[in-house]
Engineer: 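Below you'll find the structure I mean.
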Amino acid sequence: MFNIISYLLFLSISSYITIDVGRRCYNAGKYYLDYLIHDANLCLTINRILLGCYYLINLGYIAINLASWDKVNSMEQLLSVTAIRIGDITLILCFLHFMNIFTLYFLRKKLTIK
């Protein structure tokens, strides 16, 4: 019973965080990409590709994460395991976000040097 509750709690919170952060990055990314690239169509295409990859990676990780859980036997363990797993998702989101920003920044610097 505790496993089902932890799965539902984890799925609902991590899915919400993933979708909300994805939407926010997509909306803010329009302006950032436009600043870096100066081509509206290319910016929109890149932004959509980044959003799609972002969702696939995170939702895939969430699904894989569910398969590797041990049996949860108490409410304390439920909260502990769920919090750790949500923290992992949050760290992955931060890493992917900064990796995209730095990659686009360095690509822009490389394009302006030529």
Side-chain angles (χ1 to χ4, degrees):
M1 182 65 180
F2 286 116
N3 273 4
I4 294 173
I5 295 170
S6 65
Y7 292 163
L8 292 174
L9 188 63
F10 173 73
L11 281 173
S12 60
I13 293 172
S14 60
S15 296
Y16 172 77
I17 289 171
T18 299
I19 291 168
D20 186 54
V21 169
R23 260 192 245 134
R24 290 174 191 258
C25 290
Y26 178 79
N27 290 330
K30 293 175 191 176
Y31 306 109
Y32 183 71
L33 286 172
D34 188 45
Y35 169 75
L36 292 176
I37 299 174
H38 305 297
D39 181 359
N41 290 329
L42 182 60
C43 290
L44 186 60
T45 302
I46 290 172
N47 207 17
R48 287 180 180 163
I49 290 170
L50 287 173
L51 182 66
C53 292
Y54 166 83
Y55 282 147
L56 289 174
I57 288 171
N58 283 295
L59 295 176
Y61 179 75
I62 290 169
I64 289 171
N65 206 342
L66 283 176
S68 66
W69 276 10
D70 295 329
K71 185 166 175 65
V72 177
N73 296 316
S74 67
M75 185 60 91
E76 180 181 323
Q77 193 177 13
L78 180 148
L79 293 174
S80 173
V81 168
T82 306
I84 289 170
R85 301 294 174 138
I86 290 171
D88 288 345
I89 292 290
T90 306
L91 288 174
I92 289 171
L93 293 178
C94 292
F95 174 75
L96 288 174
H97 176 68
F98 285 113
M99 187 176 70
N100 285 336
I101 287 174
F102 289 129
T103 302
L104 291 169
Y105 175 75
F106 289 121
L107 284 176
R108 171 66 178 161
K109 282 184 99 170
K110 192 174 188 178
L111 290 174
T112 57
I113 291 173
K114 290 182 179 182

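Predicted model, so just to flag it, every value in this text is computed and none were measured.
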Engineer: Keeping T82 on the side-chain end and L79 on the backbone end, is there a donor-acceptor pair under 3.5 Å?
Structural biologist: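 No; judged by distance alone, with no hydrogens or angles, the pair does not exist.
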Engineer: Has M99 got more than 12 heavy atoms of other residues, nucleotides or ligands less than 6.0 Å from its CE?
Structural biologist: yes
Engineer: Determine yes or no for a side-chain-to-main-chain donor-acceptor pair under 3.5 angstrom, with N65 supplying the side chain and Y61 the backbone.
Structural biologist: no
Engineer: With rounding to the nearest 0.5 angstrom, report the CD1 to SG distance, I101 to C25.
Structural biologist: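 Separation between the atoms: 7.0 Å.
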Engineer: Report the distance from atom CG of L91 to atom CG of L96, rounding to the nearest 0.5 Å.
Structural biologist: 11.0 Å
Engineer: Working to the nearest 0.5 Å, report the span between CD1 of I13 and CG of L8.
Structural biologist: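 Taking CD1 in I13 and CG in L8, the distance rounds to 11.0 Å.
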Engineer: Rounded at 0.5 Å granularity, tell me how far CD1 in I46 sits from CG in N41.
Structural biologist: 11.0 Å
Engineer: Quick one: are T18 and Y55 in side-chain contact, heavy atoms under 4.5 Å?
Structural biologist: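 A side-chain contact exists here, since the closest heavy-atom pair is under 4.5 Å.
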Engineer: For the residue pair V21 and N58, establish whether any side-chain heavy-atom pair is separated by less than 4.5 Å.
Structural biologist: no
Engineer: List the steps, then state whether side-chain contact (heavy atoms from CB on, under 4.5 Å) holds for Y54 with L93.
Structural biologist: CA-CA 8 Å; Y54 166 83; L93 293 178; 3.0 Å; yes
Engineer: Test your reading of the model: is there a side-chain donor-acceptor pair from S6 to the backbone of F2, 3.5 Å cut-off?
Structural biologist: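 Judged by distance alone, yes, a pair lies under 3.5 Å.
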Engineer: Between F10 and I89, is there a side-chain heavy-atom distance shorter than 4.5 Å?
Structural biologist: yes
Engineer: For the atom pair CG (L50) and OG1 (T45), what is the distance rounded to the nearest 0.5 Å?
Structural biologist: 11.0 Å
Engineer: Can we say D20 and R24 salt-bridge, meaning some charged N sits less than 4.0 Å from an Asp/Glu carboxylate O?
Structural biologist: yes
Engineer: Kindly give the heavy-atom pair with the smallest separation between V72 and N3, and that separation in Å.
Structural biologist: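 Heavy atoms of V72 and N3 come nearest at N-OD1, 2.6 Å.
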Engineer: Side chains of K30 and D34, heavy atoms from C-beta outward: is any pair under 4.5 Å?
Structural biologist: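 SC-SC contact between K30 and D34 ruled out.
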